[in-house]
Amino acid sequence: MDEAPTLPPPLLANWTWQVEAACRGGDPAVFFSPADDRTTTRADRIERAKAICARCPVTAACLEHALRTREPYGVWGGRSETERAELLGLASLRYPARRARPRRQSAASRREAWRAAAGRAVSVAVAAPVDRGSGPDA
């Protein structure tokens, strides 16, 4: 299994690339969309962010950082969350990974399952009588 991603140590040399970033001081909403937003607004934001990244002198360092740390949100190094996941061969960068919610069973289905389970328990008790007449003490 892969190692958990970690941030680089807090040494100035590991973070100086951010000083030259074209996005520095800009509106973070351009780079970070609401997680469940799947509209054209999200696509427009991603394209605006990529346009800023296209003229950025540290795009490679930014993308390297995002891939190394598996940054789960936003546009980094000119790549969206989905594009970075694809580069890493992952289904998603979200941590913890989202799980599909189990489908909720109706009350009628739960009652039927309970009756079936209760019926099996009763039939097992009736079908397996205990023979008390055999053994060393009989």
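Of all non-hydrogen atoms in Cys62 and Gly77, the two that sit nearest each other are SG-N, 3.1 Å. Looking at every heavy atom in both residues, Ala22 comes nearest to Cys56 through N-SG, 3.3 Å. Pro28 approaches Gly26 most closely through the heavy-atom pair CD-O, 3.2 Å. Val58 approaches Glu20 most closely through the heavy-atom pair CG1-CB, 3.9 Å.
Atom-to-atom distance recorded for Phe31:CZ and Arg45:CZ is 12.5 Å, nearest 0.5 angstrom. A distance of 5.0 Å separates CG of Leu67 from CG of Leu88, quoted to the nearest 0.5 Å. The distance from the CD atom of Glu83 to the CD1 atom of Ile46 is 7.5 Å, given to the nearest 0.5 Å. Going from atom NZ of Lys50 over to atom OG of Ser80 covers 5.0 Å, rounded to the nearest 0.5 Å. Atom OG1 of Thr82 sits about 11.5 Å away from atom CG of Leu90, to the nearest 0.5 Å.
Judged by distance alone, the side chain of Thr59 and the main-chain N or O of Cys53 form a donor-acceptor pair under 3.5 Å. The main-chain N or O of Arg79 is found under 3.5 Å from a side-chain atom of Arg84 such that the two form a donor-acceptor pair.
Between Glu81 and Arg70, no side-chain nitrogen of the basic residue sits less than 4.0 Å from a carboxylate oxygen of the acidic one, so the salt-bridge criterion is not met. Ion pairing between Glu47 and Arg42 fails under the 4.0 Å rule for side-chain N and carboxylate O.
Aromatic ring orientation, Trp76 versus His65: tilted (interplanar angle from 30° to 60°).
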